[in-house]
J.: 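Got a structure here, written out as structure tokens. Questions coming.
Fair warning: this is a prediction, and the values are worked out from it, not measured in the lab. Protein chains get the first letters and strands the later ones, always in sequence-line order, with residue 1 at the start of each.
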There are 2 protein chains.
Amino acid sequence: MTDTKTKILDLAESLTQTRGFNGFSYIDLANEIGIKTASIHYHFKLKDDLAAALVERLREQHALGFAAMEAANETPEGRLQAAIDYFKGYLAKEEFCMCGMMAAELQSVSPRVASLVKAYFRDFEAWLYKQFELAGRENADELAIGFLSTLEGSLLIARLTGDADVISKALKGYLKE
Amino acid sequence: MTDTKTKILDLAESLTQTRGFNGFSYIDLANEIGIKTASIHYHFKLKDDLAAALVERLREQHALGFAAMEAANETPEGRLQAAIDYFKGYLAKEEFCMCGMMAAELQSVSPRVASLVKAYFRDFEAWLYKQFELAGRENADELAIGFLSTLEGSLLIARLTGDADVISKALKGYLKE
DNA sequence: CGTCTTGCCTATTGATATATAGATAGTCAT
DNA sequence: ATGACTATCTATATATCAATAGGCAAGACG
């Protein structure tokens with residue numbers, strides 16, 4: 001059995017990905033998990049604390065995920081494809097990228113959370129840059145920022161239209177030189 | 001003087017672009033405009049009616065905007081650049097694309113609004129496809145979906161980091177063959 | 001044993017949300 | 001100028017929000 005705190009984080013993450021961080025309440029979490037809202041306040045005193053914990057946890061998971069993608073794939077191209085497949089996993093659950101969502105809702109989150117979200121994207125971009133460098137591609141800088149932008153944007157549109165091919169089509173140019 | 005209904009739409013649009021559609025209330029609108037919340041209910045009985053009106057209005061504005069971009073620019077490349085500049089206008093006001101925002105918050109909007117947002121992106125993609133076709137580019141299909149995805153994603157990240165160059169860098173590959 | 005901590009509970013607060021009802025003043029057409 | 005419509009108001013209903021206070025049981029640890 002996963003503990004209550006993890007259940008709260010898991011559900012809050014999923015709801016942020018589908019409705020946005022302002023699109024759910026402690027009552028939604030409590031009802032679904034089968035506890036009371038006050039119990040959520042025990043674990044996360046303020047809703048902002050929950051937001052910060054969500055982004056921090058995802059950053060840690062990504063740091064592990066990046067290392068795992070490098071271990072599991074010989075080539076940079078294979079690793080980039082693994083990142084694409086990871087985002088397609090969101091699509092399968094009709095979820096957007098959680099940090100992309102918070103980036104969209106930027107002016108409604110605290111400065112503290114905003115800076116954590118920035119750090120998430122900084123990490124992601126740095127990892128992509130490294131892969132394009134390893135692949136010997138020129139302008140790894142532009143390729144990394146383009147790949148990241150297209151990944152976020154194509155997930156947004158693919159989820160809206162329900163068409164998984166959108167992601168592959170939008171990113172095709174980045175995988176073959 | 002702009003009428004009250006237009007003031008409501010203008011402010012609601014801007015707030016949706018910065019905080020998300022769930023990130024503001026009728027009270028925010030009323031206080032800023034200097035009316036009472038009940039007056040907003042007179043114009044838009046349900047908040048969902050406001051959402052629908054926002055998307056419908058933006059779609060109409062875009063239809064006019066697309067025609068204007070074609071009239072003002074000889075080449076398809078010039079028109080695509082005009083579309084990029086249009087999105088950079090959002091960035092200057094620290095706003096995201098309103099329909100991109102609603103697409104992110106997808107599961108919290110009504111089916112009616114979701115289908116209007118889909119129509120917005122269908123229109124946009126069709127116009128981009130036409131420009132890539134006119135430019136004689138192969139795979140206009142993939143270019144249109146890639147361009148649109150990258151436009152949305154790069155605006156999201158540029159606004160987060162405050163770096164306007166992100167948009168230019170991410171889209172560079174689409175303007176030169 | 002007894003004290004402290006953890007994790008959850010019941011109960012409630014104060015603020016805020018969307019939405020409705022009913023009144024009022026101004027506008028406009030016939 | 002009578003009647004219908006527009007636009008706004010006050011007031012209130014109803015619901016929900018995040019957040020707090022205080023208590024209780026189970027286990028950890030001296």
Side-chain angles (χ1 to χ4, degrees), chain A residues 1-16 18-57 98 101-102 105-114 116, chain B residues 1-55 57 98 101-102 105-114 116:
Chain A
M1 290 295 285
T2 54
D3 65 5
T4 302
K5 189 165 189 170
T6 304
K7 281 183 192 162
I8 295 169
L9 286 167
D10 289 346
L11 182 57
E13 182 172 312
S14 173
L15 287 172
T16 302
T18 50
R19 302 188 205 164
F21 190 73
N22 296 319
F24 69 92
S25 72
Y26 273 26
I27 295 173
D28 296 318
L29 298 173
N31 287 348
E32 177 70 24
I33 295 170
I35 55 174
K36 302 296 169 181
T37 60
S39 305
I40 304 175
H41 279 284
Y42 169 78
H43 294 285
F44 307 98
K45 198 158 180 24
L46 308 178
K47 203 186 179 192
D48 190 63
D49 295 331
L50 174 58
L54 283 171
V55 181
E56 277 171 354
R57 187 178 74 150
M98 191 189 72
M101 183 70 81
M102 290 190 181
E105 297 173 305
L106 189 61
Q107 282 92 331
S108 76
V109 306
S110 68
R112 164 199 184 202
V113 171
L116 287 168
Chain B
M1 291 297 285
T2 54
D3 66 6
T4 302
K5 190 164 189 171
T6 303
K7 282 183 193 163
I8 295 168
L9 287 168
D10 289 345
L11 182 57
E13 182 173 310
S14 173
L15 287 172
T16 302
Q17 290 176 264
T18 51
R19 303 188 207 163
F21 190 73
N22 297 319
F24 70 92
S25 72
Y26 273 26
I27 295 173
D28 296 317
L29 299 174
N31 287 349
E32 177 70 23
I33 296 171
I35 55 174
K36 303 295 169 182
T37 60
S39 304
I40 304 176
H41 279 284
Y42 169 77
H43 294 286
F44 306 98
K45 198 158 179 25
L46 309 179
K47 203 185 178 193
D48 190 65
D49 296 331
L50 174 58
L54 283 172
V55 182
R57 188 178 73 150
M98 190 188 72
M101 183 70 82
M102 290 190 181
E105 297 173 304
L106 189 62
Q107 282 91 332
S108 77
V109 305
S110 68
R112 163 202 185 199
V113 170
L116 287 168

J.: Does dA18(D) have OP1 or OP2 under 4.0 Å away from a side-chain N or O of K45(A)?
T.: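 No, K45(A) has no side-chain N/O under 4.0 Å of OP1/OP2 on dA18(D).
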J.: Which heavy atom of A114(A) sits nearest to which heavy atom of L106(A), and what is that distance?
T.: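 Of all heavy-atom pairs spanning A114(A) and L106(A), the closest is CB-CD1, 4.0 Å.
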J.: So, does S14(A) use its side chain to make a donor-acceptor pair with the main chain of D10(A) at under 3.5 Å?
T.: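 It does not hold such a pair.
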J.: Side chains of V113(A) and L54(A): does their closest heavy-atom pair fall under 4.5 Å?
T.: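 No - every pair of side-chain heavy atoms lies 4.5 Å or more apart.
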J.: Return the value, rounded to whole Å, for the distance between atom CD1 of I40(A) and atom C1' of dA19(D).
T.: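 Atom-to-atom, I40(A) to dA19(D), this comes out as 12 Å.
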J.: Measure the CD1-CG distance between I33(A) and D28(A) for me, rounded to the nearest 0.5 Å.
T.: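 These two atoms lie 10.5 Å from each other.
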J.: Output the distance between atom CD (E13(B)) and atom OG1 (T18(B)), rounded to the nearest 0.5 Å.
T.: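 With rounding to 0.5 Å, CD (E13(B)) is 11.0 Å from OG1 (T18(B)).
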J.: Please report the shortest heavy-atom distance between T37(A) and A30(A), naming the atom on each side.
T.: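 Of all heavy-atom pairs spanning T37(A) and A30(A), the closest is N-CB, 3.7 Å.
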J.: For a quick test of your reading: what N or O donor-acceptor pairs under 3.5 Å do the side chains of residues 38-52 of chain B make, sequence neighbours left out?
T.:
residue : atom : partner : partner atom : Å
H41(B)  : ND1  : K45(B)  : O            : 2.9
K47(B)  : NZ   : F21(B)  : O            : 2.9
K47(B)  : NZ   : F24(B)  : O            : 2.8
D48(B)  : OD1  : S110(B) : OG           : 2.7
D48(B)  : OD2  : S110(B) : OG           : 3.1
D48(B)  : OD2  : R112(B) : NH1          : 2.9
D49(B)  : OD1  : R112(B) : NH1          : 2.9
D49(B)  : OD1  : R112(B) : NH2          : 3.3
D49(B)  : OD2  : L46(B)  : N            : 3.1

J.: At their closest point, which heavy atom of R19(A) faces which heavy atom of S108(B), and how far apart are they?
T.: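 Closest pair (atom of R19(A), atom of S108(B), distance): O-OG, 3.7 Å.
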J.: Within less than 4.0 Å of OP1 or OP2 of dT6(C), is there a side-chain N or O belonging to K5(A)?
T.: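 Checking K5(A) against dT6(C): no side-chain N or O falls below 4.0 Å of OP1 or OP2.
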J.: Please confirm whether the shortest side-chain N or O distance from S25(A) to OP1 or OP2 of dC17(D) is below 4.0 Å.
T.: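 Answer is yes, contact under 4.0 Å.
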J.: Could you list the residues that satisfy side-chain hydrogen bond (donor to acceptor under 3.5 Å, both in side chains) with N31(A), not counting sequence neighbours?
T.: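 Testing N31(A) for side-chain hydrogen bond (donor to acceptor under 3.5 Å, both in side chains), a comparison that skips the adjacent residues, returns none.
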J.: Might you point out which heavy atoms bring T6(B) and R57(B) nearest each other, and give the distance in Å?
T.: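 Result for this residue pair: CG2-NH1, 4.1 Å.
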J.: Can you check whether L29(B) reaches L15(B) side chain to side chain, under 4.5 Å on heavy atoms?
T.: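 L29(B) reaches L15(B) side chain to side chain.
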J.: If only side-chain N and O atoms of T4(B) are considered, is one of them under 4.0 Å from the OP1 or OP2 phosphate oxygen of dT8(D)?
T.: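 It does, given that an N or O in the side chain of T4(B) lies less than 4.0 Å from OP1 or OP2 of dT8(D).
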J.: Give the rounded distance in Å between these two atoms: CZ of F44(A) and C1' of dT20(D).
T.: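 Computing the F44(A):CZ to dT20(D):C1' distance gives 18 Å.
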J.: Under 4.0 Å between a side-chain N/O of H43(B) and OP1 or OP2 of dT8(D), yes or no?
T.: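 So the side chain of H43(B) is within the cut-off, an N or O lying under 4.0 Å from OP1 or OP2 of dT8(D).
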J.: Under 3.5 Å, which protein N or O atoms sit close to an N or O of nucleotides 26-28 of chain C? Give each pair with its distance.
T.:
none

J.: K47(B) NZ to dA17(C) C1': how many Å, rounded?
T.: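 For the pair K47(B) NZ and dA17(C) C1', the rounded distance is 9 Å.
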J.: What I'd like to find out is whether the side chain of K7(B) reaches to under 4.5 Å of the side chain of I35(B), using heavy atoms alone.
T.: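 When only atoms from C-beta onward are counted, I35(B) and K7(B) do not touch, as no gap falls below 4.5 Å.
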J.: In residues 105-113 of chain A, what residues come within less than 4.0 Å of DNA chain D, judged by heavy atoms?
T.: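 Nothing qualifies; none.
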J.: Without decimals, in angstroms, what is the distance between L15(A) CG and dC17(D) C1'?
T.: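 Spelled out: CG on L15(A) to C1' on dC17(D) is 16 Å.
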J.: When the distance from NE2 of H41(B) to P of dA15(D) is rounded to whole Å, what number comes out?
T.: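 Spelled out: NE2 on H41(B) to P on dA15(D) is 15 Å.
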J.: Evaluate the side-chain proximity of M102(B) to L116(B): yes if any heavy-atom separation is below 4.5 Å, no if none is.
T.: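 No, their side chains stay 4.5 Å or more apart.
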J.: Provide, to the nearest angstrom, the distance between the CG atom belonging to N31(B) and the P atom belonging to dA15(C).
T.: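 After rounding, the reported distance stands at 16 Å.
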J.: Distances for protein N/O vs nucleotides 9-12 of chain C N/O pairs under 3.5 angstrom?
T.:
residue : atom : partner : partner atom : Å
dC9(C)  : OP2  : K36(A)  : N            : 3.1
dC9(C)  : OP2  : S39(A)  : OG           : 2.4

J.: Could you tell me the separation between the CZ atom of F24(B) and the C1' atom of dT18(C), rounded to a whole number of Å?
T.: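 From F24(B) CZ to dT18(C) C1': 13 Å.
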J.: Output one letter per nucleotide in nucleotides 22-27 of chain D: B when a protein non-hydrogen atom lies under 4.0 Å from the base, S when only the sugar-phosphate is that close, - when neither is.
T.: ------
J.: Using whole Å, report how far CG of L29(A) lies from P of dT16(D).
T.: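 Taking CG of L29(A) and P of dT16(D), I get 15 Å after rounding.
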